[in-house]
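Comments concern the structure below.
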Amino acid sequence: MFREMRRKKQALSEEECIDILIKEPRGVLAVLGDDDYPYAVPLSHVYVDGKIYFHGTVKESHKRDAIEKHEKVSYCVMNKGIKAADDWWYTFKSVIVFGRMKTIKDRDTKIEKLTHLGNKFFPSEEETKSEIDKLLDVTELYEITIEHMSGKIVEEK
């Protein structure tokens, strides 16, 4: 169902892919948007228990509407890369995930996963808890169940 990588020598292991998903803070989510146009949006994420989580607003939005219509998504994450000395080229690693995205409605699960997300970005657990307490009812939690994942390293030739 999913294509094999053409350049197998550049393939990352599953462990390397997961490491990038854990360490890197952001990626780009691609969904099928209005009138079946692709819609890609940069997001902050957290990888927990083999799934990827994002937050959003409970208000109407392009992302929310697209996910409600089409659960299949793609998410791409790149590391910062390393610039080649005296050159323009960066060596970098990237991961592409294909999966199905849904909204988490269960309050306890939502708090648990938002806590993981907040702890990745806020300076303290107290600040994470404070933000969740303030914004839980106006925050949506999205989950990607990964169906296929591949990663690669791109190096200067």
Side-chain angles (χ1 to χ4, degrees), residues 1-84 89-122 128 132 136 139-157:
M1 172 159 61
F2 296 100
R3 293 182 185 207
E4 286 187 33
M5 274 185 63
R6 267 184 325 115
R7 298 182 177 170
K8 295 187 188 321
K9 290 180 185 177
Q10 292 178 291
L12 299 179
S13 69
E14 182 177 353
E15 292 77 22
E16 289 174 296
C17 291
I18 291 170
D19 187 58
I20 289 169
L21 292 175
I22 290 170
K23 288 181 179 173
E24 296 303 323
R26 288 172 218 46
V28 178
L29 176 71
V31 297
L32 190 58
D34 294 347
D35 297 319
D36 294 338
Y37 279 96
Y39 177 65
V41 59
L43 294 171
S44 299
H45 72 273
V46 68
Y47 177 86
V48 179
D49 301 328
K51 296 183 180 187
I52 300 171
Y53 295 91
F54 313 90
H55 78 287
T57 178
V58 295
K59 293 181 181 178
E60 186 176 317
S61 70
H62 195 163
K63 173 179 64 179
R64 185 174 191 232
D65 293 346
I67 293 163
E68 287 179 4
K69 288 180 189 174
H70 308 280
E71 66 178 359
K72 292 179 181 178
V73 300
S74 176
Y75 189 62
C76 178
V77 178
M78 289 175 39
N79 73 355
K80 293 168 190 59
I82 300 169
K83 188 175 183 304
W89 185 259
Y90 275 82
T91 295
F92 65 92
K93 295 177 182 179
S94 64
V95 177
I96 298 178
V97 168
F98 295 91
R100 295 177 190 264
M101 195 161 180
K102 68 178 183 179
T103 304
I104 301 297
K105 300 292 186 191
D106 178 73
R107 187 175 181 85
D108 292 338
T109 303
K110 190 173 167 181
I111 291 169
E112 175 196 349
K113 303 308 181 188
L114 285 172
T115 299
H116 285 287
L117 186 62
N119 287 343
K120 183 173 180 178
F121 296 98
F122 288 122
T128 295
I132 291 172
L136 183 64
T139 301
E140 200 80 86
L141 178 68
Y142 300 103
E143 172 189 272
I144 294 179
T145 299
I146 299 170
E147 295 182 331
H148 179 76
M149 175 172 58
S150 64
K152 73 177 184 178
I153 184 168
V154 177
E155 300 177 287
E156 186 174 23
K157 301 235 178 202

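For the single chain, residues carry numbers from 1 onward in sequence order.
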Closest approach of [X] to [Y] (non-hydrogen atoms, all atoms of both residues):
X    : Y    : answer
A40  : V28  : CB-CG1, 3.7 Å
L117 : Y53  : CD1-O, 4.1 Å
T109 : L141 : O-CD2, 4.3 Å
W89  : E155 : NE1-C, 3.3 Å
G27  : V77  : CA-CG2, 4.1 Å
K63  : G56  : NZ-CA, 4.0 Å

For the pair K93 (side chain) and G151 (backbone), establish whether a donor and an acceptor sit closer than 3.5 Å, ignoring hydrogens and angles.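 Not a single qualifying donor-acceptor pair exists.
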
Tell me whether K69 contacts the main-chain N or O of D34 through its side chain, where contact means a donor paired with an acceptor under 3.5 Å.
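Side chain of K69 to backbone of D34, a donor-acceptor pair under 3.5 Å: no, none is there.
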
[atom1] ([X]) with more than 12 external heavy atoms under 6.0 Å:
X   : atom1 : value
E68 : CD    : yes
F2  : CZ    : yes
I82 : CD1   : no
K23 : NZ    : no

To the nearest 0.5 Å, how far apart are [atom1] in [X] and [atom2] in [Y]?
X    : Y    : atom1 : atom2 : answer
I132 : E112 : CD1   : CD    : 10.5 Å
K83  : F92  : NZ    : CZ    : 14.5 Å
I67  : S61  : CD1   : OG    : 7.5 Å
K110 : L136 : NZ    : CG    : 4.5 Å
D36  : H70  : CG    : NE2   : 5.0 Å
D106 : K113 : CG    : NZ    : 10.5 Å

Taking the side chain as every heavy atom from C-beta outward, state whether [X] and [Y] have any atom pair closer than 4.5 Å.
X    : Y    : value
I146 : Y47  : yes
L29  : M101 : yes
R107 : I111 : yes
E24  : M78  : no
V154 : Y90  : no
F98  : K72  : no
V31  : H62  : no

Side chain to side chain donor-acceptor pair (under 3.5 Å) partners for N119, two or more places apart: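 Testing N119 for side chain to side chain donor-acceptor pair (under 3.5 Å), a comparison that skips the adjacent residues, returns T128.
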
May I ask you to check whether H45 and Y75 place their ring centers less than 6.0 Å from one another?
->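 Distance test on ring centres: under 6.0 Å, yes.
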
Can you tell which of V48, I52, V46 makes a side-chain contact (heavy atoms from CB on, under 4.5 Å) with L21?
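The single option meeting the side-chain contact (heavy atoms from CB on, under 4.5 Å) with L21 is I52.
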
Only pairs at least two apart or in different chains count here, so list each salt bridge (Lys or Arg N to Asp or Glu O under 4.0 Å) that has a residue in residues 140-152.
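Listed once each, the pairs are K51-E143, R64-E140, R100-E147, K102-E143, K105-E140.
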
